[in-house]
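Structure, as structure tokens:
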There are 2 protein chains.
Amino acid sequence: MVAGPQNVRRMPRAQRREQILDAATRAFARTGYVATGLDGVAAEAEVTLVLLYRHFDSKADLYRAVLDRACARLEATVGSGDYDEGSISALLRAAAEDPDGFRLLFRHAVREPDFRDVVNGMQAMSAEVTRRELAAVIPEGPWLDWAVQYVPTVTLEAVIAWLDAGQPDPDQAADRIALVVHSAIRAANGVD
Amino acid sequence: MVAGPQNVRRMPRAQRREQILDAATRAFARTGYVATGLDGVAAEAEVTLVLLYRHFDSKADLYRAVLDRACARLEATVGSGDYDEGSISALLRAAAEDPDGFRLLFRHAVREPDFRDVVNGMQAMSAEVTRRELAAVIPEGPWLDWAVQYVPTVTLEAVIAWLDAGQPDPDQAADRIALVVHSAIRAANGVD
DNA sequence: CAGCTTGTATAAGTTGACTTAAACAACGCT
DNA sequence: AGCGTTGTTTAAGTCAACTTATACAAGCTG
């Protein structure tokens with residue numbers, strides 16, 4: 001005999017899916033793809049493991065859905081426009097709207113070979129775009145390579161640190177981060 | 001009947017151990033602890049899986065040994081001194097001497113809950129020290145928190161990017177990185 | 001050469017995580 | 001009332017990775 005559950009929270013399918021995606025984003029944001037168990041995700045979503053499989057075919061499928069949604073949200077806020085002054089401020093807004101998704105994308109997904117492609121699906125902050133922008137300012141050579149890798153990192157880590165610091169004063173934040181970014185570009189051009 | 005191996009590379013135990021640690025450092029540096037299989041490590045070391053177990057009790061044991069050695073090397077070069085001008089240059093030297101170990105420590109180990117303690121065993125670049133240094137320059141508040149997290153990251157990522165760019169001109173590099181770090185500290189104090 | 005050490009090959013045991021299956025309960029709509 | 005949907009519980013299947021065991025080959029050293 002099977003004990004019947006007493007307080008089952010029912011939900012329209014689409015809404016439940018969103019809730020699971022929310023929980024999964026939080027869970028994966030903590031420890032990344034490999035180290036996060038579906039048990040943990042289910043617990044975070046306050047839902048049975050089996051139900052996960054009624055919504056997603058596999059762990060990889062779920063993860064891709066999470067990543068895709070985070071990307072979509074990011075692009076919706078930040079656009080794929082070039083790297084002008086407003087970009088940083090847009091990035092801050094996007095990060096504030098979906099902190100877990102943001103952290104997941106740029107702290108974990110970028111270093112997971114099987115899923116890096118999803119992140120690179122966005123041109124924003126991608127090395128390709130960055131190189132084009134920086135190549136106009138920095139002479140060819142190892143320091144251009146350095147900047148191409150370093151500038152996006154500096155930007156994104158600044159945003160993440162800003163999230164962790166409690167998101168103080170977005171406008172000021174944009175200016176301050178821009179300061180550091182410009183200083184990184186100046187550094188690539190030489191200090192002298 | 002068991003086919004006998006033909007060209008067995010023999011080695012004194014201590015030396016073999018070092019070679020395994022070298023290989024393991026490379027392997028783990030690529031994909032971190034969980035995603036790296038002992039098969040992969042054994043292959044990288046050109047050695048049998050069984051031999052790994054003759055040198056290390058378990059995967060965790062091996063990983064700790066790798067981390068400990070990387071830490072020891074780092075501390076030997078960089079010392080646990082305060083954060084003066086020469087620190088960055090020492091960091092560059094350390095990174096150049098053991099690039100894989102450096103990447104492993106600061107790209108993976110720091111985000112692996114079970115092993116973070118090993119990295120924190122060093123005071124160098126640790127948040128504790130950094131806070132003390134920065135608290136003297138930045139007023140209490142969220143932007144101090146921001147800087148405490150961000151400044152070490154900016155420094156370490158600059159070094160890693162420098163490694164990836166082919167380690168151009170160490171002296172110049174130190175100056176350029178110092179520029180960015182100072183700019184980050186200035187940013188935390190306000191742009192105005 | 002006898003024995004300890006270093007090494008390989010092969011096989012089997014163990015475990016945890018992903019995955020699928022089956023049966024049952026309750027809500028809501030027609 | 002009947003039926004599909006949403007959900008739970010419980011159990012079992014699968015598979016990869018870690019781990020241990022056994023047997024054998026070959027160098028080094030007293």
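In what follows, every heavy atom counts, from backbone to side chain, and hydrogens, waters and symmetry copies are set aside. Below, chains carry the letters A, B, ... as their sequence lines are ordered, and counting in each starts from 1.
Dashed line: the shortest gap from a side-chain N or O of B:T48 to OP1 or OP2 of C:dG7 is not under 4.0 Å.
One donor-acceptor pair, N or O on each side, does fall under 3.5 Å between the base of D:dG7 and the side chain of A:R54. With hydrogens and angles ignored, a donor-acceptor pair closer than 3.5 Å exists between the side chain of B:R10 and the base of C:dT5.
A residue-by-residue look at A:S58 and B:P12 shows that B:P12 has its nearest nucleotide of DNA chain C further toward the 5' end.
Side-chain proximity of A:M11 to C:dG7, D:dC18, D:dG7: nearest is D:dG7. Taking only side-chain atoms of B:K59, from C-beta outward, the nucleotide of D:dT8, D:dT19, D:dA21 with the closest atom is D:dT19. Taking every side-chain heavy atom of A:V50 into account, C:dA22 is the closest of C:dA22, C:dT19, D:dG7.
B:D61 approaches B:F56 most closely through the heavy-atom pair OD2-CA, 3.6 Å.
No continuous path of ILVMFWY side-chain contacts below 4.5 Å connects A:L62 to A:L51, so the two sit in separate hydrophobic clusters. Under the 4.5 Å side-chain heavy-atom criterion for Ile, Leu, Val, Met, Phe, Trp and Tyr, A:V151 and B:L179 are members of distinct hydrophobic clusters.
Going from atom CG of B:L52 over to atom P of C:dT6 covers 15 Å, rounded to whole Å. Separating the CG atom of A:L51 from the P atom of C:dC18 is a distance of 16 Å, rounded to the nearest angstrom. In this structure, A:R13 places its CZ atom 17 Å from P of D:dG4, rounding to the nearest Å. One can place OH of B:Y53 at 12 Å from P of D:dA17, the figure rounded to the nearest angstrom. In this structure, the NE2 atom of A:H55 is 16 Å from the P atom of C:dT19, given to the nearest Å. The interatomic distance linking A:R9 (CZ) with D:dT6 (P) rounds to 18 Å, in whole Å. Regarding A:D39, its CG atom lies at a distance of 14 Å from the C1' atom of C:dT15, rounded to whole Å. Between A:L49 atom CG and D:dG7 atom C1' the separation is 14 Å, expressed in whole Å.
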Output, in order, the C-alpha distance, side-chain angles, deciding distance and verdict of salt bridge (Lys or Arg N to Asp or Glu O under 4.0 Å) for B:D117 and B:R64. CA-CA 10 Å; B:D117 57 304; B:R64 258 177 208 288; 3.6 Å; yes

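Aromatic ring orientation, B:W146 versus B:Y150: tilted (interplanar angle from 30° to 60°).
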